[in-house]
Amino acid sequence: MHNQLLYSFPFFLSAALILIVTLFVFQRVNVKGCWYLALAGLAATVWAGCEGLLYLGFDIETNMLITKLEYLGVAPLPPLMLLFGLCHFGYESWADRKTGLLLFLIAVCIVALVWTNPLHGLIFTDYYAIHTGPFPMLALKHGPLWWVILLYHYFLLVVLSIILILQFASSSGYQRSQAGMILVAVAFVWLSNLIYVTGNSPVPNMDISPIAFVMVAGAMAWGFYRYRLLDILPVAKEKIFQSIDDVILVTDERGRVLDINRAAEHVLKIKAFQAIGQTVAHVFNYQQFQEIFSNRDGSEICLLSDGKERVYDFRASFIVDAKGMMVGKIIVLRDITERKNAEKELLENERRLREQKSILLELSKIKIGDNGDLNTTMGTITKTVAHNLGVERVSVWLFNDEHSKIKCIELYEFGQQRHCAGMEFYSTDLPRYFEALEKERTVAVSDVNTDPRTNAVFDTYFKPLGVTSLLDSQIRSGGNAVGVFSIKHIGTPRQWTMDEQTFAASIADIVSLLIEESELKKIKRERKKLEAQFQRVEKMEVIGTLAGGVAHDLNNILSGLVGYPELLLMDLQENSHLRKPLLTIQKSGEKASAIVQDLLTLTRRGVAVSEVVNLNHIISDYLESPEQEKVAYYNPDVRIEADLDADLLHIIGSPVHLSKTVMNIVKNASEAMPQGGKIHISTCNQYLDTSINGYDYIDEGDYVVLSVSDTGTGISPEDKERIFEPFYTKKVMGKSGTGLGMAVVWGTVKDHNGYIDVQSIEGKGTTFRLYFPITRKGLSEEKSALPIENYRGTGESILIVDDVEEQRELASSMLQKIGYRVHIVRSGEEAIDYLTTNEVDILLLDMIMAPGMDGLDTYKKIIELHPNQKAIIASGYSETERVKELQRLGAGAYVKKPYTLEKIGMAVKKELEK
């Protein structure tokens, strides 16, 4: 029995020591992980105590029962130690409730398997007593599951050891010492267990692992005493030291580093264990060392951190002992970069605010030129604002009259240093944005992607441009919104300050005043122009009336001058010396008669405007006439080009006077090019859906347009105002003409209810455009180039969409005449409403409709209802990019107004047959 107690005593001693340490741990349960450590101590106590009982000489069955009880300590000990290490050294996220529950369930399963071993034999395949030692001992044959459990416990100890090694390597002070002490204790347990597993135990079949708990207890006790293990205060101090954001270095009196915190590790790019023991000069590079230690306490220094320069406040304080002797130094570097940046930004904002006040003062003095042109003024404003705020895009947008669209009239791009304009938006694209503008006047959006006021066009407009933030202010005039002053930022989303918002609103007010001033000047200019036109017409009427009276009297006088020479010549002999003087008198009389006819034209009584004519025929006949041959003879270096529209519509007029009009313009053009040049004559059909206020005021409608352009000397603005006055000429009177040619042109055009537009650039040439109203008379009697059967319909349905009543009625009459069923609507919106409940075979879609949706937007909505809807496009304008886009969506031919039966019929027939 004495020998048995001798072998059991070390185990009982280990159990007692571990229990004492465990009771001490229970007093520190408020420290992270202490519960796990306390439970691990109890488990180790059970393990060591039961191992000691095995050597008191009990029978084999009792020893087997003690072995099962021993596993109540063996199974939970490794997982409890791992959980303690995770919690105590900052890996709490790994030791969550799920992990603890899993480890607990595995331990329970191990204990259950040990206690049920007789049923399966997976833990111990056999057990028996051996008598080779000083007393009988229990021998166990381990089953396969016992080795699995052993490897599992070793795995847990490996993980714990790795955590302790990492903690030891990366920390300093108390935490490093505590990690090292616990690592030594774990190593004792691990080593002793390996000795048992490998069969190298001093006493065969004796597990000496619990005896190692004596070393564990000693190590723990030393940790409590020396390193204050589980004591909150040093751990808290260490945590505070490590968590401070300032760079902190503790040195001794020789300048050797005793400790640094994590912030210092990050900034200096050195680990604490590498720095400790080194001199400060070694920890810092030479430049940093000189920068730091050449500054006084409280000064500012700049250091590189993560490749960026940071500003630090330098502080140094001495550590003194009880005798007042300096034993070390604490160096603190506080990062004040953000504060310095804020101060810099504040100064920049103050400078910008002063500059903004100056800008507003200067811009308020800007005046619009007499021509009312806004472009130059708006360009100055947008460029100034872009440079002041440091933004990429500043623009001015104005609504159309119906407020259905908003168009950019000026955009300045800061990066490319350029001005442009022309972009458009529909008001319906951004309803919430315009509602906010109307309510708040100024809209500041820091993120256009997420803000509900702007995200509707993020993908289509803002994203391709890279715009992230905008600051827009409403432009108002007369109490109504007329546009938007827009500031757009590219890059990191920007928070707009109140000063910036106020600045934008003030700029919008200045723009508003300038727009009002521009409109006033335009109105004055238009009124002056209309007055000049009225005066010109009035003067022409007065001159015409005077000329008419003179012409009437001259006609009576000239009758004798023209008639009597002809009678006298009939009675004279061929060789009479009087024949030549009489012929001279006769020709002079005929010339005077022609002048009288021109004067009669001015009276507006000499033109019979009643015949249906085609202007192409008149031009072609004139170009082959003797009059033109004479003009060409005197101007041999002048070339004439003709570009006549083959589908030109008819007009009602006088062929004689129209031919004379063409002759006068061509003759004047030829004489304006003494060194030679080119005259271009062209005709076309043109539909004007808005009035034009050019040289003459031109009403909307269908016209045949005659254009005559030359490359001559041009006409000065002063002369252009008087070119249609009788006898006003820059030529030598009587040599090149009578001075009535252009006056006849004016009178003839007015007799035909037409209009004249003149454009001229001195030194480059002049263009005359004559607008004559078209007529549909005679179209039904004329034979089309193609038989009508080639494009006759068979009852197909057509929806005509046009905002002009006359155009709707004309198209409807034509299409009904060639066999189609016709429905008409006045706008794109009405077309969509109609097609919601009806179907048609084809659309005749006007491209330009105001107010409201145009042809492209209408067709986009219609193909949502009827994806394969056929359509043809009509417009009085030239083919535009929007027309091409509409055709890409599926629309067919483009028919230019004014309509002809063959043209519209063939377009519809061709599209229906696709």
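These figures come from a predicted structure and were not determined experimentally.
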Determine yes or no for a side-chain-to-main-chain donor-acceptor pair under 3.5 angstrom, with [X] supplying the side chain and [Y] the backbone.
X: Ser760; Y: Ile715; result: yes
X: Asp710; Y: Thr766; result: yes
X: Asn635; Y: Val631; result: yes
X: Ser670; Y: Val666; result: yes
X: Asp637; Y: Pro674; result: no
X: Thr775; Y: Ile652; result: no
X: Arg769; Y: Ser707; result: no
X: Glu410; Y: Val396; result: no
X: Asn400; Y: Ser404; result: yes
X: Ser812; Y: Glu809; result: no

Is [Y] close to [X] at the side-chain level, that is, under 4.5 Å between some pair of heavy atoms?
X: Val394; Y: Glu413; result: no
X: Val613; Y: Leu658; result: yes
X: Arg808; Y: Arg826; result: yes
X: Leu889; Y: Leu856; result: yes
X: His680; Y: Asp643; result: yes
X: Leu411; Y: Arg418; result: no
X: Ile640; Y: Leu623; result: yes
X: Gln887; Y: Ile873; result: yes

* Asked: Does Lys764 pair with Glu762 as a salt bridge, N-O distance under 4.0 Å?
  ->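 Between Glu762 and Lys764 there is no salt bridge, as every charged N stays at least 4.0 Å from the carboxylate O atoms.
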* Asked: Under a 4.0 Å N-O cut-off, is there an ion pair linking Arg882 with Asp854?
  ->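 A salt bridge is present here (some side-chain N lies under 4.0 Å from a carboxylate O).
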* Step through the shown structure and confirm whether more than 12 heavy atoms of other residues, nucleotides or ligands are within 6.0 Å of OH on Tyr634. =>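 No, because the 6.0 Å sphere around OH of Tyr634 holds 12 heavy atoms or fewer from other groups.
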Which atom names give the shortest non-hydrogen contact between [X] and [Y], and what distance separates them?
X: Ala811; Y: Leu844; value: CB-CD2, 3.8 Å
X: Leu644; Y: Ser620; value: CD1-OG, 3.8 Å
X: Leu886; Y: Ala891; value: CD2-CB, 2.8 Å
X: Val484; Y: Ile475; value: C-CD1, 3.5 Å
X: Phe399; Y: Ser427; value: CE2-OG, 3.9 Å
X: His650; Y: Val612; value: CB-CG1, 3.7 Å

Can a side-chain donor-acceptor contact be found between [Y] and [X] if the only test is distance below 3.5 angstrom?
X: Tyr771; Y: Asp757; value: no
X: Gln417; Y: Tyr412; value: yes
X: Tyr703; Y: Gln686; value: no
X: Trp746; Y: Thr748; value: no
X: Thr683; Y: Asn616; value: yes

* Assess whether side-chain contact (heavy atoms from CB on, under 4.5 Å) is satisfied between Val758 and Thr767, documenting all intermediate values. => CA-CA 6 Å; Val758 183; Thr767 297; over 6 Å; no
What's the spacing between [X] [atom1] and [Y] [atom2] if we round to 0.5 Å?
X: Ile904; Y: Tyr791; atom1: CD1; atom2: OH; answer: 11.0 Å
X: Ile619; Y: Leu648; atom1: CD1; atom2: CG; answer: 8.0 Å
X: Thr858; Y: Asp846; atom1: OG1; atom2: CG; answer: 9.5 Å
X: Leu706; Y: Ser682; atom1: CG; atom2: OG; answer: 7.5 Å
X: Ile679; Y: Arg639; atom1: CD1; atom2: CZ; answer: 10.5 Å
X: Lys383; Y: Met378; atom1: NZ; atom2: CE; answer: 15.5 Å

* Show your working on side-chain contact (heavy atoms from CB on, under 4.5 Å) between Lys660 and Asn664 and close with a plain yes or no. => CA-CA 6 Å; Lys660 197 163 190 179; Asn664 285 334; 4.0 Å; yes
* List the steps, then state whether side-chain contact (heavy atoms from CB on, under 4.5 Å) holds for Met673 with Thr711. => CA-CA 7 Å; Met673 297 182 288; Thr711 57; 3.4 Å; yes
* Would you sort out whether Arg888 and Glu881 count as a salt bridge (charged side-chain N to carboxylate O under 4.0 Å, His left out), showing the intermediate values? => CA-CA 10 Å; Arg888 287 194 291 270; Glu881 184 58 36; 3.2 Å; yes
* To do: Just say parallel, tilted or perpendicular for the rings of Phe772 and His752, cut-offs at 30° and 60°.
  =>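 Ring orientation, 0 to 90° scale: perpendicular.
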* To do: Kindly indicate, with the supporting measurements, whether the criterion side-chain contact (heavy atoms from CB on, under 4.5 Å) is fulfilled by His419 and Thr382.
  => CA-CA 9 Å; His419 297 268; Thr382 53; 4.1 Å; yes
* Do Phe425 and Trp397 make the cut of ring centroids closer than 6.0 angstrom? ->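 When the ring centroids of Phe425 and Trp397 are compared, they turn out to be within the sub-6.0 Å range.
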